[in-house]
4 protein chains.
Amino acid sequence: MARQQTRKKVHEAVLSLAHETPAGTITMEGIAARAGVSKQTLYRTWPSTGAILFDALLARSMTEDGTVEVPNSGDLAADLELLATATIAELTDTTHEPMLRAITAQMQSDDGLAAQFRERLLTPQLAGISDRFRRENVPDPYGIAELFVGPIFHRWLLRTHPFDSEWVTAHVARTLRAAAFK
Amino acid sequence: MARQQTRKKVHEAVLSLAHETPAGTITMEGIAARAGVSKQTLYRTWPSTGAILFDALLARSMTEDGTVEVPNSGDLAADLELLATATIAELTDTTHEPMLRAITAQMQSDDGLAAQFRERLLTPQLAGISDRFRRENVPDPYGIAELFVGPIFHRWLLRTHPFDSEWVTAHVARTLRAAAFK
Amino acid sequence: MARQQTRKKVHEAVLSLAHETPAGTITMEGIAARAGVSKQTLYRTWPSTGAILFDALLARSMTEDGTVEVPNSGDLAADLELLATATIAELTDTTHEPMLRAITAQMQSDDGLAAQFRERLLTPQLAGISDRFRRENVPDPYGIAELFVGPIFHRWLLRTHPFDSEWVTAHVARTLRAAAFK
Amino acid sequence: MARQQTRKKVHEAVLSLAHETPAGTITMEGIAARAGVSKQTLYRTWPSTGAILFDALLARSMTEDGTVEVPNSGDLAADLELLATATIAELTDTTHEPMLRAITAQMQSDDGLAAQFRERLLTPQLAGISDRFRRENVPDPYGIAELFVGPIFHRWLLRTHPFDSEWVTAHVARTLRAAAFK
DNA sequence: GATTAACCGAGACGGTACGTCCAGTCTTATG
DNA sequence: CATAAGACTGGACGTACCGTCTCGGTTAATC
């Protein structure tokens with residue numbers, strides 16, 4: 001709805017705000033001021049800061065159409081390790097992290113945003129990963145995909161422990177045991 | 001600081017609000033009004049709605065000291081299934097669910113609350129579960145505990161799918177395979 | 001800054017409040033509520049209740065530009081008696097009195113308001129009166145103007161005694177003697 | 001009612017606050033904190049900050065029983081000049097000024113305080129001055145006393161102009177002319 | 001010299017108002 | 001005609017004081 005130029009200004013504004021200010025501080029007024037856009041222009045296109053955040057996030061990974069690119073080299077263990085590492089890198093990227101945290105927080109009280117987030121990000125991600133397991137003839141591929149993703153998300157969102165490469169390797173090994181793979 | 005009677009009024013107020021209104025709608029003013037307490041009384045003791053929510057939650061499970069009572073019947077699979085079921089029951093309890101979602105959301109932008117939440121709830125929970133695995137001579141018990149808890153949390157927080165007993169059974173089986181148990 | 005319609009609503013509100021409630025009781029919240037206007041609208045234009053009061057007062061006497069219309073009939077004694085009577089009438093007007101008292105009180109701790117009050121009301125008033133004396137070739141017209149105004153103000157503000165017409169006549173006579181007139 | 005020691009602590013506190021902070025900023029809580037006294041102790045004895053201020057002011061001039069000591073040397077002009085100078089000195093004393101301004105301001109909305117102020121300070125002051133005129137056989141001594149005091153008060157309270165010795169001399173001359181003296 | 005009553009500090013409490021921020025809607029003027 | 005600029009209502013924020021109210025701990029005068 002908004003002109004391409006406007007969208008771009010808004011996206012840039014929200015991205016810049018996202019890694020300047022703490023997670024919950026982003027406001028419609030702040031974005032409007034930073035983008036040099038009137039509040040009305042914002043509301044005409046997006047219903048909430050969460051929606052803008054989410055839109056900006058998607059626009060970022062515009063090139064890669066399916067958000068997640070699951071590696072498929074034939075070596076499942078190596079591929080999972082790559083995938084875990086890439087996922088963690090995105091979750092802890094200085095720009096992405098505050099946005100993802102803000103969206104995850106707002107999801108808890110915004111059903112529309114939650115639905116969008118699931119459809120556009122979570123479902124494709126889980127589908128991609130379970131496809132990779134299916135290709136390897138792992139039984140119960142979706143369950144294993146959840147087993148793979150769940151602990152990463154848990155560690156990240158609740159900040160129980162930082163990530164390191166040993167943990168990633170061990171996590172892949174655990175997942176593969178659960179998958180009864182080889 | 002606050003008198004016991006006051007704490008009680010506040011806890012009751014926040015609990016009643018928590019399952020009347022959507023997650024993010026709880027405000028200091030709302031709690032004060034509902035509790036018949038002045039705002040200053042709230043701020044004298046708690047810095048945010050999250051802190052009140054958390055305090056009320058802890059006060060609820062005062063009797064059970066370490067919040068999570070990991071079953072220990074000797075039958076690991078049965079115990080895990082019980083534990084998963086109990087955990088899910090708490091996460092989806094009509095009173096607890098909105099509070100836990102609100103706290104999880106506010107954690108993302110309130111480091112103090114996040115730290116408290118980890119110390120008082122998450123760490124004991126993971127410790128309890130990994131102890132149960134350790135008792136069964138499972139190698140890497142903490143990793144397996146995360147593997148057990150992570151997917152439950154992922155499903156719950158992101159609402160990817162509702163829980164059902166088949167999923168629980170399958171999840172326990174996957175976890176046990178990863179634990180290389182039996 | 002504020003729209004004309006808004007100013008009008010605020011002025012009416014503050015005027016109505018001024019002769020309903022005691023002098024020091026007027027609050028920003030009260031004005032906002034009475035005017036059906038949000039607090040922010042008030043603060044966007046006026047920094048304090050004193051400023052609103054003062055603005056409302058000026059808006060009242062918009063037509064008469066220099067607030068005080070010193071009579072000039074040629075008969076100085078008669079003119080002064082008229083002027084004193086008119087001044088006292090304004091000071092004791094049921095609407096004006098509480099406003100003037102409130103402004104005078106707030107002046108004591110608000111330099112900006114004090115400056116405005118002097119510039120817009122006091123200075124023109126004293127200038128007008130001393131001009132009248134100057135026209136009559138009274139030496140030291142400003143000093144005599146102060147001598148005329150001071151005791152009226154003293155009686156009014158400190159409520160030492162009520163005003164009556166004998167006092168006014170005597171006060172004019174005293175002033176004229178000091179002016180060495182005739 | 002309050003113990004002498006307590007009164008003293010409170011008086012000192014209010015005096016020290018009076019020339020540290022702007023006129024309207026003195027609060028019961030502030031006085032209590034500064035005096036190291038509980039709020040209840042304050043309220044047990046004084047109903048308002050104005051009352052404390054006034055009490056402290058009176059306690060100050062305890063030695064001189066009748067607040068105003070009108071000079072009586074036989075030379076009326078010289079005496080008036082002395083009196084005016086002394087009055088101005090008290091009004092502009094760094095400690096007294098803020099207190100007197102605060103009391104004058106609070107008088108406008110506190111009838112009890114106003115009555116006390118009149119009885120204890122204003123009436124004796126005007127009586128003393130008119131007595132001095134009466135001793136000199138000036139007709140209408142009270143009116144002349146008001147004429148003497150009014151402009152000083154007007155200048156001081158409204159801050160129209162600073163005081164200087166020329167003004168004082170001229171003011172005394174004007175007053176004496178009005179008194180038809182010699 | 002012990003008792004008892006007044007006085008006191010400390011500070012929690014229900015309130016009211018403060019002055020600020022932001023949400024969302026609506027108006028106005030410009031380009 | 002869309003848009004920036006921004007005024008508007010409304011509601012919550014977190015703070016400051018108000019005046020009231022326990023609660024123990026001193027004082028100081030009485031018995």
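Note: hydrogens, waters and symmetry copies are ignored here, and every other heavy atom, side chains too, is used. Order of the sequence lines fixes the chain letters, A, B, ..., with proteins taken first and strands second; residue numbering starts at 1 for each chain. Predicted, not measured: the structure shown is a model, and the values here were computed from it.
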Practice task
From the options dC13(E), dT9(F), dC13(F), select the nucleotide whose nearest atom is closest to the side chain of M28(B).
Solution key: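 Output: dC13(F).
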Side-chain polar contacts of residues 22-32 of chain C - donor-acceptor pairs under 3.5 angstrom, sequence neighbours left out - could you list them?
unit_1 : atom_1 : unit_2 : atom_2 : d
T25(C) : OG1    : P22(C) : O      : 2.3
T27(C) : OG1    : G30(C) : N      : 2.9
E29(C) : OE2    : K39(C) : NZ     : 2.9

Practice task
Ignoring backbone atoms, test whether T6(D) places a side-chain nitrogen or oxygen under 4.0 Å from the OP1 or OP2 oxygen of dC8(E).
Solution key: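 Checking dC8(E) against T6(D), a side-chain N or O does come within under 4.0 Å of OP1 or OP2.
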Problem - Partners meeting side-chain contact (heavy atoms from CB on, under 4.5 Å) with A102(D) (sequence neighbours left out) - result: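 side-chain contact (heavy atoms from CB on, under 4.5 Å) check on A102(D) returns L53(D).
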Handout entry: Pairs flagged by salt bridge (charged side-chain N to carboxylate O under 4.0 Å, His left out) wherever residues 13-23 of chain C is involved - sequence neighbours left out
Key =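 Only E20(C)-R34(C) qualify under salt bridge (charged side-chain N to carboxylate O under 4.0 Å, His left out).
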What is the distance from [atom1] of [X] to [atom2] of [N], rounded to the nearest Å?
{"X": "R44(D)", "N": "dA6(E)", "atom1": "CZ", "atom2": "C1'", "value": "9 Å"}
{"X": "E29(D)", "N": "dC17(F)", "atom1": "CD", "atom2": "P", "value": "7 Å"}
{"X": "Q5(B)", "N": "dG14(E)", "atom1": "CD", "atom2": "P", "value": "9 Å"}
{"X": "Q106(C)", "N": "dC18(E)", "atom1": "CD", "atom2": "P", "value": "10 Å"}
{"X": "L42(C)", "N": "dA7(F)", "atom1": "CG", "atom2": "C1'", "value": "13 Å"}
{"X": "Q4(D)", "N": "dC8(E)", "atom1": "CD", "atom2": "C1'", "value": "16 Å"}
{"X": "Y43(B)", "N": "dG15(E)", "atom1": "OH", "atom2": "P", "value": "17 Å"}
{"X": "D110(A)", "N": "dG24(E)", "atom1": "CG", "atom2": "P", "value": "10 Å"}

Exercise for the section: Could I get the full list of salt bridge (charged side-chain N to carboxylate O under 4.0 Å, His left out) partners for E12(C), not counting sequence neighbours? Expected result: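 Scan of E12(C) (salt bridge (charged side-chain N to carboxylate O under 4.0 Å, His left out), adjacent residues dropped) gives none.
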Practice task
Carefully, step by step, assess H11(C) and K8(C) under the rule side-chain contact (heavy atoms from CB on, under 4.5 Å).
Solution key: CA-CA 5 Å; H11(C) 288 159; K8(C) 201 186 154 195; 5.7 Å; no
Practice task
List for me each residue that meets side-chain hydrogen bond (donor to acceptor under 3.5 Å, both in side chains) alongside T41(C), sequence neighbours excluded, and say none if there are none.
Solution key: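 T41(C): side-chain hydrogen bond (donor to acceptor under 3.5 Å, both in side chains) contacts with S38(C).
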Practice task
Please list, chain by chain and in numerical order, all residues satisfying side-chain hydrogen bond (donor to acceptor under 3.5 Å, both in side chains) with H96(D), sequence neighbours excluded.
Solution key: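 For H96(D), no residue satisfies side-chain hydrogen bond (donor to acceptor under 3.5 Å, both in side chains) once neighbours in sequence are set aside.
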Exercise for the section: Could you pick out which residue, S48(A) or T27(C), lies toward the 5' side of DNA chain E when each is mapped onto its nearest nucleotide? Expected result: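 The residue whose closest nucleotide sits nearer the 5' end is T27(C).
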Exercise for the section: Between I26(C) and Q40(C), just flag the one whose closest nucleotide in DNA chain E comes earlier from the 5' side. Expected result: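 The residue closer to the strand's 5' end, by nearest nucleotide, is I26(C).
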Look for any protein N or O under 3.5 Å of an N or O in nucleotides 29-31 of chain E and output each such pair with its distance, or none.
none

Practice task
Report the C-alpha separation of W156(A) and R101(A) in whole Å, then their side-chain angles, then the decisive distance to 0.1 Å, and conclude whether the side-chain contact (heavy atoms from CB on, under 4.5 Å) test is met.
Solution key: CA-CA 9 Å; W156(A) 173 73; R101(A) 287 193 187 276; 3.5 Å; yes
Hey, can you pull the donor-acceptor pairs under 3.5 Å for the side chains in residues 109-119 of chain D, sequence neighbours left out?
unit_1  : atom_1 : unit_2  : atom_2 : d
D110(D) : OD1    : G112(D) : N      : 3.1
D110(D) : OD1    : L113(D) : N      : 3.0
R118(D) : NH1    : L158(C) : O      : 3.3

Exercise for the section: Can you sort out which residues in residues 32-39 of chain D have a heavy atom within less than 4.0 Å of DNA chain E? Ascending by number, please. Expected result: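 Close to the strand are G36(D), V37(D), S38(D).
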